[in-house]
Every structure is written in C-alpha cells, then in structure tokens.
2 protein chains.
Amino acid sequence: MSEPKNNHDTRERILDVAERLFMEHGYEGTSMRVITTAAEVNLAAVNYHFGSKEALLCAVFRRRLGWLNRERLQALDVLEAQAGGAPLKPSQILEAFFGTLLRMGEDESRGGMTFLRLLGRTLTEPAEFIRTFFANEYAEVIDRYKLALFRALPDVPKAEIVWRLHFMLGAMSYAIAGTDVLRVVTGCELGDLAGEQNADAAGDSALARRLSQRLMPFLLGGLRAPLSNLAAPSAAAPESPGEGGQKPEV
Amino acid sequence: MSEPKNNHDTRERILDVAERLFMEHGYEGTSMRVITTAAEVNLAAVNYHFGSKEALLCAVFRRRLGWLNRERLQALDVLEAQAGGAPLKPSQILEAFFGTLLRMGEDESRGGMTFLRLLGRTLTEPAEFIRTFFANEYAEVIDRYKLALFRALPDVPKAEIVWRLHFMLGAMSYAIAGTDVLRVVTGCELGDLAGEQNADAAGDSALARRLSQRLMPFLLGGLRAPLSNLAAPSAAAPESPGEGGQKPEV
DNA sequence: AACTAGTTCAAACGTTCGTTTAAATACTAG
DNA sequence: CTAGTATTTAAACGAACGTTTGAACTAGTT
C-alpha cells in the first residue's frame, strides 16, 4: 500500500521552488543547486524524483497545464452548447481562452501569478525541448480555439486570424511575464507588474484582475481591427478611439 | 597577410556571429567558444575587444539601437513639425515607432530580421544587466512616444495608454521573435516566421513587410479599443470586425 | 529479527563555462 | 631598420554546471 510518505512532500516542495526560481531567473539561469538548497532537499533529489533538469521543468508545467487545458476545452464546450450550433462571439472565445488563464493568476492553489509569469517567460525561451513540449501540450486546445475563431469570423481570411491569434498570445505572454523595459522606464506606473520577491497573494490576485480588465479590451480591439488595405499600405482609417466606427472592410 | 587584417575585421565578424547565435540560442545558451569558433577568431578575442560576454551582448545591441533610436526620434520630429502643434494621429505615432523598427527587418545592413528576432527574444530575458541596459537605451525614446500618445488620446487615461503601449510592445516582440508554440501547432501557416538557418535575405525582407502589414492594424485596433466598463466586466460591445462602430466611451 | 523497497545523503564524477596569462606575431611610426 | 604598440595565439585557470554513485537511513512486511 505504502503511499511513500515524504515522497510527496519532497516532490511538491521541489516543484514549488522550481516554479518560482525558473520564473525569476529563467531556465538556464537557475541551477539545480539553488533549487535544491532553497527547497531544503538534497542535490540528488531532483534527479531521483524527476530524472533530469529538463524533466523537472516539464513536470512544473504539467502540474498546471493539465488543469488549464481541461478548463479551456470545457469553457468552449459550454459556450458551444449554449449557442446550439451558432457561431460564438469573438469576445466569448477570448474570454474563454484568456480569461481562464488570467483567472489562474488569482488562484494561489493553481500557481497564481508566479505560474503565469513563468508561463509568459518560458513561451519565449529558445531551448528546443521547451518549444516541442509546449507544442505537444497545447496542440489540441489551440486547434479547437482556432476553429472556433474561424467560425466566429467567417469573413476574415483564416491566415489573418492565425496572425492575430499570434499577436494576442504575444501581448498576453509579454504582459504576464511582466519583465520589460517599459515598466522600468515608466517607473512601475502600472502598479508593480513585476514584484519578484514580494509575492503578496492578495496583491497578486488584484493584479491579475486588473491585468485581465486591461488586456481583454485590447485583444478584442486588435482581433476585430479592420483588415489592412493590402494594396495601399498608407492609412485612411478613423483615428481617435472615441470617434468612429471601424472600417467595415473585413 | 591572409584574412585577419585588422581589428575592425575581427570585431565586426564577432558582432555578426554573436548577433546570429544569440538570436538562435539565447544569451545563456550561447557560449563564447561557439561564438569564437564560428567567427573563426581566437577564444580570447571577445574579452580582448569587448571585455566580457555581457559587454559583447551590449555591443551587439549598441551597434543597431543607436541608429534605431535616432530614426525613431527623427520620425517623431518630422511628424510634429508637419502637424504644427496639433496632436498627432495614433496611426502616425504607431507607424513611426513600429514601422521604423519593422523596416530594419528589410534592411540587411541594419541587421535585418536576425536583429529583429534577437531584439524580440532579448526583451523577455530575465538577466538583470540586460533589463537595465535596455531601460537606459530606450528611456528617451519611450518617453517621447508616451507623451505623443498622451497628446494624441487626451480623453484616454494615461495609465490606460501605458498599459496598451505595454501590450503593443508585447505583441510586437513576440511576433518578431517568432519562436512560439502557435507556429509549431499551426504548421508554419504564417509563412515561415522562424527560419533559423535559411536566412534568405529576400525572404526575410518579404517577411518583414508582411509582418508589418499584419501587425500595424492589430496594434491600432488594440490601442483604440473602447475602454473596459470598469464596473461591469461583462461585455456589451459589437462583435464582428465588419460590423459596427467602436463604442465611443473612451 | 531479518528482509525489502523507497528515499535521503555526502561526495565525487567529468564537462563546460567565462576569463586570464604570457609568449608570439602583425602592424605602424620615427 | 628599429622600437613600440596592437593584436592574435595556445594553454591554463578556478568555478560552476548537471549528473551519478554507493552507502546510510526509514518504514512496512514477514
């Protein structure tokens, strides 16, 4: 029977610490020694429990992404059931995809903002094994949402939708990674998007909500923007946000 | 009397190779030994000419960013002179900021897409010295453009503009980095945004133009999106891009 | 008590890292 | 040509890396 007793303790403690340290210093910038020291376990524990450093990173993500993927697919299922065959609204799709993620930032038991920041940062890491890991892990979800967007925007060329999905992922992952130049330059006007060490759960939760509130309208505006006039690159669109309709040329 | 003639040859060759390798494998993932081997110079050459690996990365960026910063400031100067005191249009500002950058992707003598990808990737690197380097390097330009956007969108709260500038930088840097999950999942439908080794100059140039054409409308749409209804997170905005005016509540 | 399987531990493994050294070579000025 | 500076070279440095080892410890079973 034998639930190995401390096994779970050690494993979880390693995962928690690795999640935070990978978030703060990146994969290559975090050594096994600082991980095991911070987790107060032996140096060999990572290799014993996970096999390798690469496998540890994958385990860190698997612990969270399984739930996230299920949640995202289920959110889409619910929406499509409600719609009864009709195409969904773009805002519903974005809310299901990005809202589900951003709500993880408010839930400390799902990793909170620590995991969100790690995810955002890791999505841009160049290491090959990371890219293929994410590709496999995300394939089904991305595909479902891509198709939902195709149905929601039947008049927009599919290539254009894929591009914009691309841009939206970038805006999101950069925003949640929260380690950028702008914040340094502007002096943290956004309300401490970084906060490497404070890790106040209440503050993080508030940050996640604020981020969601700002990001979703931006993404929706970008997704629904008029298509570029492919022939003439110069613009003729209305300018002020307060001012007019989007050009209905899409 | 064979190839190694003078210091300029060595320095430039190191910079060229480092630019490409840092782009492909990241800063921490690229060793001095592979750099010097690929550049066909002695291992000690980097430390002799640049002082350290960190200083090399900074030199790689300084070689390009000086020109880019000047170009961006000048573009804004021209626009403001033409406007004669009147606020600029958001599309003009975005064109000056992002268009200037994306045009570097078409210009091989300015680093082309290699430099753009490196820039996008490096903007999300966690190393401290990189962040402070960029903060110093970008401070003046970001500040000028921030103020221009404040003037262009007087009815939008400044904090909101900063957030959206943030999101736009993210969408751009992710898009030009071009190493993401979506492309793997969708099977390069976007037309080979990555191309680690092909490095076809003509293809890169075409890619830069295509990217610009897709990205700019997205950014403009996001920037000009209606503000979120801060009280009620649920939406009441028109959905299809082809369909209606933006809510003029901003 | 002895056996077994799971886990922890200190120590060491072989590599690779960025950097430094000091001699050798190339170049330039007087 | 010579003196002197600038650059290149091969070799080595110590530190840090991820991983492996084999013994010690823990607990449940017989």
Side-chain angles (χ1 to χ4, degrees), chain A residues 1-61 122 125-130 132-133, chain B residues 1-61 122 125-130 132-133:
Chain A
M1 16 185 54
S2 67
E3 199 71 20
K5 219 156 118 258
N6 280 349
N7 163 351
H8 241 51
D9 251 20
T10 302
R11 277 184 61 101
E12 290 287 314
R13 209 158 61 242
I14 291 174
L15 288 175
D16 286 340
V17 166
E19 186 171 66
R20 180 173 54 84
L21 292 178
F22 283 147
M23 179 273 282
E24 287 175 5
H25 308 109
Y27 174 74
E28 312 244 32
T30 307
S31 71
M32 315 231 66
R33 281 168 177 85
V34 303
I35 294 175
T36 51
T37 300
E40 295 178 288
V41 300
N42 189 270
L43 170 59
V46 168
N47 289 283
Y48 176 77
H49 285 284
F50 302 96
S52 69
K53 191 188 177 186
E54 293 194 0
L56 170 62
L57 183 71
C58 293
V60 166
F61 278 105
T122 310
E125 291 245 357
E128 190 59 33
F129 84 95
I130 297 179
T132 66
F133 171 78
Chain B
M1 63 167 48
S2 27
E3 14 272 286
K5 267 256 191 74
N6 55 10
N7 105 21
H8 246 50
D9 254 14
T10 301
R11 276 184 62 102
E12 290 286 316
R13 208 158 61 241
I14 290 175
L15 288 175
D16 288 339
V17 166
E19 186 171 66
R20 181 173 54 84
L21 291 178
F22 283 147
M23 179 273 281
E24 287 175 5
H25 308 110
Y27 175 72
E28 311 244 31
T30 307
S31 70
M32 315 230 61
R33 281 169 177 84
V34 303
I35 294 174
T36 51
T37 300
E40 296 179 286
V41 301
N42 188 269
L43 170 59
V46 169
N47 289 284
Y48 176 78
H49 284 286
F50 301 97
S52 69
K53 190 188 178 186
E54 292 194 0
L56 170 61
L57 183 70
C58 293
V60 166
F61 278 105
T122 310
E125 289 245 0
E128 189 59 34
F129 84 95
I130 297 179
T132 65
F133 171 78

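Throughout, protein chains are lettered first and strands after them, A, B, ... in sequence-line order, and every chain is numbered starting at 1.
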> Can you tell me how far P of D:dT8 sits from CG of B:N42, to the nearest Å?
Replying inline: 9 Å
>> Measuring only between side-chain heavy atoms, which start at C-beta, is A:M32 closer than 4.5 Å to A:L43?
In response: yes
>> Given D:dC17, D:dT8, C:dA10, identify the nucleotide with an atom nearest to the side chain of A:A44.
In response: C:dA10
> Between atom CG in A:L43 and atom P in C:dA12, what is the gap in whole Å?
Replying inline: 14 Å
> In whole angstrom, what separates A:E28's CD from C:dT16's P?
Replying inline: 15 Å
> Rounded to the nearest Å, what distance is computed from the CG atom of residue A:N47 to the C1' atom of nucleotide C:dC13?
Replying inline: 13 Å
> Is the distance from OP1 or OP2 of C:dT8 to the nearest side-chain N or O of A:T10 less than 4.0 Å?
Replying inline: yes
> The side chain of A:M32 lies closest to which of these nucleotides: C:dT19, D:dT8, D:dT19?
Replying inline: D:dT19
> Which whole-number value in Å describes the distance from B:I35 CD1 to C:dT16 P?
Replying inline: 17 Å
> Taking atom P of C:dG6 as reference, at what distance in whole Å does atom CZ of A:R11 sit?
Replying inline: 14 Å
> How many Å lie between NE2 on A:H49 and C1' on C:dA5, as a whole number?
Replying inline: 14 Å
>> Please report the distance, rounded to the nearest Å, between CZ in A:R13 and P in C:dT7.
In response: 14 Å
>> A side-chain contact here means heavy atoms from C-beta on lying under 4.5 Å apart; do B:F133 and B:L57 qualify?
In response: no
> Given side chains that start at C-beta, do those of B:T122 and B:F61 come closer than 4.5 Å, heavy atoms only?
Replying inline: yes
> Nearest nucleotide by nearest heavy atom, which residue falls closer to the 5' end of DNA chain C, A:R33 or A:A45?
Replying inline: A:A45
>> I want to verify a distance call: between D:dT19, D:dA6, C:dG6, whose nearest atom is closest to the A:Y48 side chain?
In response: C:dG6
> Taking side chain as C-beta onward, heavy atoms only, is A:L56 less than 4.5 Å from A:F22?
Replying inline: yes
> Taking the side chain of B:S31 as heavy atoms from C-beta outward, which of D:dT19, D:dT8, C:dG18 is closest to it?
Replying inline: C:dG18
> If you look at every strand shown and take non-hydrogen atoms under 4.0 Å, does A:T36 touch a base, only sugar-phosphate, or nothing?
Replying inline: nothing
> Any side-chain heavy-atom pair from B:N42 and B:Y48 closer than 4.5 angstrom?
Replying inline: no
